[in-house]
Every structure is written in C-alpha cells, then in structure tokens.
J.: 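Let me begin by handing over the structure; questions about it come next.
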Amino acid sequence: MPAAFRPVLAAARERLPRLYGARLHSAYVYGSIPRGTARAGRSDLDLLVALRGEPGDADRDATRAFGTALDQEFPEVDGVGTLLHSRETLLSDLERYDLGWFVACLCTPLLGDDLAARLPRYRPDDPLLARETNGDLSRLLPRWRERIATAEDTEEARRPLVRFMSRHLVRTGFTLVMGRWQGWTSDLHEMAAAFGTYHPARAVQMAAAAVLGYEPVGDPAVLGSYVDDLGPWLAGEYARVHGVKAPRS
C-alpha cells in the first residue's frame, strides 16, 4: 500500500477494536488504497467491518463518527466510508454471491480472521454471481431520483451523489460483462474499458462515469443523465442478460 496512507490505516486498526470491543470479528480495506493507485489528498478510504451480531442504529452512528474523525484528522484521505455488516450476513446463503464475493475477492484483510477462508472459490463466468451482485439497479433508480430531488441545490451537496452513482453504474456495467471478460477488478477505469469492449455505443458514457467516480463534480445534468438515460438502459440490459437480483427483506 502507498506509504502516505499507512498512518491512517494504522489509526483505523487501533481504533476499530476500541469502537466495537469484543463484537468486532474482522475488518477489511478495499478500493484504490490496497490496489496501490490512491493519491494522497484525493482518494477516499473504503473499509468493511464484520461484527459478531447484527449492527444497530447506535453502531451505524458510531461508525459515521469514526469515519468523520479519521477524515478530519488525516488530510491524506478525502472521505472515509465504512460498510458495516454482521459476520452472519456476510456468510449467509443470500449474500454468498454478493457481499460474500466482495469480501473474498475485492477486500484486503486489516484485522481479525479473514472470512474469505469460509467462502467458496468464485468464477467470473458464473451467471448467479452477476445477477446477485448488481441485478437490482431497476429497484434502486427510484430511490436515486428521490435523493437527487431532495438534495440541496448546491455543487457541494450533489458531488457525493455523483461519486456514489458513478461508481455504482460503472461497477454494474462491469459485472454485466464480467463473465465474458473472464476476470474481476476494482479499478473503475479498467471496469469501464472492459464494459466498452462489449458495448461500444455506451463506452464514452461509462468512461466518463469512471472519471467522475474518482473526481466527482456536482453537475445536475450528470445526475439527470444517470437516472433518465444510462441507468434505465443498463437496468434493462442487465435484467435481460442476467435476470433480477433476489429481493432482500
């Protein structure tokens, strides 16, 4: 990992056990930092935490406060996001081809016993994997529209939405073609390039979304294009090719 990010990772490794105590099973880092492509002051820190037992509202509040404190203390990172799940959820049959795959194939252990040892060996050409990772875009789009409509009318307020939706669309585009590409990656530019190989008519849009996933701008036109054009097309194509993700309760 880049040397510039070692202090913030050391701080996370020290503070997470204090935050969750004996309930902490394991923690992971993913994204550009373990991939070695992060840029100091520009990249965010992405963490996943597995608890013994289901997290509650107090856990989620504490996790947000933990991320905010790290972000403010360490200028090397531009934001800290932490996914919080129970060990049972991550190992469940329902999540085996979604969160389980994510932990096993895209996460780097930071603390505790690696859950990957209890998960299967995944194959990129498994259609179940494609369906269960991102086959729910059609259900997400109405929520995205609502988030856009209720966001403050400022560039600063829209920027996190552009970052989040850009990343989600690029990842969905990649898993659409992952089986044909015969591999996986967590780099947005590689994902967009793989997608563009099989869908050249949408390649420019997806490449632009990859750029905005790393360096977002709060442009309302971008958000509109996501929920009115690229998103609906991608949701329809995904359902046609892979089917729809099993609903979660």
Side-chain angles (χ1 to χ4, degrees), residues 1-21 24-51 59-85 90 99 101-116 154-171 174 183-194 206-219 222:
M1 297 187 189
F5 297 97
R6 289 174 186 165
V8 67
L9 289 171
R13 191 179 290 112
E14 176 188 353
R15 296 176 193 182
L16 286 170
R18 296 206 305 260
L19 183 63
Y20 302 111
L24 177 66
H25 175 272
S26 51
Y28 308 81
V29 59
Y30 65 95
S32 61
I33 291 179
R35 198 168 56 240
T37 59
R39 293 181 294 168
R42 303 293 294 274
S43 298
D44 54 346
L45 171 62
D46 296 310
L47 300 169
L48 183 146
V49 171
L51 296 182
D59 296 313
R60 284 182 275 272
D61 290 342
T63 300
R64 281 190 289 269
F66 156 81
T68 299
L70 281 183
D71 185 29
Q72 292 175 347
E73 184 175 344
F74 292 92
E76 294 85 358
V77 295
D78 180 21
V80 176
T82 304
L83 302 176
L84 187 62
H85 298 283
L90 294 171
L99 290 173
W101 166 76
F102 182 73
V103 169
C105 297
L106 297 181
C107 288
T108 299
L110 186 67
L111 279 170
D113 296 329
D114 187 4
L115 289 173
T154 65
E155 203 274 346
E156 183 178 7
R158 287 188 292 263
R159 195 182 309 126
L161 295 179
V162 170
R163 170 184 265 175
F164 167 76
M165 293 178 191
S166 297
R167 292 182 174 192
H168 196 104
L169 289 172
V170 174
R171 288 166 181 158
F174 173 68
W184 37 63
T185 176
S186 59
D187 182 274
L188 296 179
H189 295 303
E190 288 183 354
M191 290 181 176
M206 200 62 80
V211 171
L212 292 171
Y214 289 125
E215 299 185 20
V217 293
D219 185 346
V222 169

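In what follows, every heavy atom counts, from backbone to side chain, and hydrogens, waters and symmetry copies are set aside. Everything numeric in this text was worked out from a predicted model, so none of it was measured.
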J.: Please lay out, stage by stage, how Val80 and Thr68 fare under the test side-chain contact (heavy atoms from CB on, under 4.5 Å).
T.: CA-CA 7 Å; Val80 176; Thr68 299; over 6 Å; no
J.: So Asp46 and Asp44, do their side chains get closer than 4.5 Å, heavy atoms only?
T.: yes
J.: From Ser166 OG over to Arg171 CZ, what is the distance, rounded to the nearest 0.5 angstrom?
T.: 10.5 Å
J.: Using side-chain heavy atoms (C-beta onward) and a distance below 4.5 Å, is Arg159 in contact with Thr154?
T.: no
J.: Looking only at heavy atoms, which two atoms of Ala40 and Ala4 are closest? And how far apart?
T.: CB-CB, 4.2 Å
J.: Going by the rule salt bridge (Lys or Arg N to Asp or Glu O under 4.0 Å), which residues pair with Arg13 if we only count those two or more places apart in sequence or in a different chain?
T.: none
J.: Is any side-chain heavy atom of Asp187 less than 4.5 Å from a side-chain heavy atom of Tyr214?
T.: yes
J.: List the atom pairs, with distances to 0.1 Å, where a side-chain N or O of residues 24-31 and a protein N or O form a donor-acceptor pair under 3.5 Å, not counting sequence neighbours.
T.:
residue: Ser26; atom: OG; partner: Tyr28; partner atom: OH; Å: 3.0
residue: Tyr28; atom: OH; partner: Leu115; partner atom: N; Å: 2.9

J.: Assess whether salt bridge (charged side-chain N to carboxylate O under 4.0 Å, His left out) is satisfied between Glu215 and Arg39, documenting all intermediate values.
T.: CA-CA 11 Å; Glu215 299 185 20; Arg39 293 181 294 168; 2.5 Å; yes
J.: Counting only N and O atoms by type, is there a donor-acceptor contact under 3.5 Å from the side chain of Glu155 to the main-chain atoms of Gly218?
T.: yes
J.: Testing the basics here: between Val162 and Pro216, what is the closest heavy-atom pair and its distance to 0.1 Å?
T.: CG1-CB, 4.0 Å
J.: Is the count of non-hydrogen atoms from other residues, nucleotides or ligands lying under 6.0 Å from Asp219 atom CG greater than 12?
T.: yes
J.: Between atom CD1 of Ile33 and atom CG of Leu110, what is the distance when rounded to the nearest 0.5 Å?
T.: 10.5 Å
J.: Can you confirm whether Leu16 sits close enough to Val49 that some side-chain heavy atom of one is under 4.5 Å from a side-chain heavy atom of the other?
T.: yes
J.: I need the minimum non-hydrogen distance between Asp114 and Pro109, along with the two atoms involved.
T.: OD2-CG, 3.4 Å
J.: Could you check whether Arg35 pairs with Glu190 (Lys NZ or Arg NE/NH1/NH2 to Asp/Glu carboxylate O, under 4.0 Å)?
T.: no
J.: When you look at Arg163 and Asp78, which way does the side-chain contact (heavy atoms from CB on, under 4.5 Å) test go after all the steps?
T.: CA-CA 12 Å; Arg163 170 184 265 175; Asp78 180 21; 3.7 Å; yes
J.: Going through the checks in order, is the side-chain contact (heavy atoms from CB on, under 4.5 Å) test met by Leu47 and Leu45?
T.: CA-CA 7 Å; Leu47 300 169; Leu45 171 62; 4.0 Å; yes
J.: Hey, are Tyr20 and Thr63 close enough side-chain-wise for a donor-acceptor pair under 3.5 Å?
T.: yes
J.: Side chains of Met191 and Thr185, heavy atoms from C-beta outward: is any pair under 4.5 Å?
T.: yes
J.: Minimum heavy-atom separation for Val170 and Met206, please, with both atom names.
T.: CA-SD, 3.6 Å
J.: So, for Ala12 and Pro17, which heavy atoms are closest and what is the spacing to 0.1 Å?
T.: O-CD, 4.4 Å
J.: Given salt bridge (charged side-chain N to carboxylate O under 4.0 Å, His left out), test Asp59 with Arg64 step by step and report yes or no.
T.: CA-CA 9 Å; Asp59 296 313; Arg64 281 190 289 269; over 6 Å; no
J.: Can you tell me how far the NE2 atom of His189 sits from the OG1 atom of Thr37, to the nearest 0.5 Å?
T.: 8.5 Å
J.: Any side-chain heavy-atom pair from Leu106 and Trp101 closer than 4.5 angstrom?
T.: yes
J.: Under a 4.5 Å cut-off applied to non-hydrogen side-chain atoms, are Leu83 and His85 in contact?
T.: yes
J.: Which atom pair, heavy atoms only, marks the closest approach of Trp184 to Cys105?
T.: CZ2-SG, 3.5 Å
J.: Between Leu48 and Leu90, is a side-chain contact (heavy atoms from CB on, under 4.5 Å) present by the stated rule, with each step listed?
T.: CA-CA 11 Å; Leu48 183 146; Leu90 294 171; 4.0 Å; yes
J.: For Arg6, check salt bridge (Lys or Arg N to Asp or Glu O under 4.0 Å) against everything at least two apart and list the hits.
T.: none
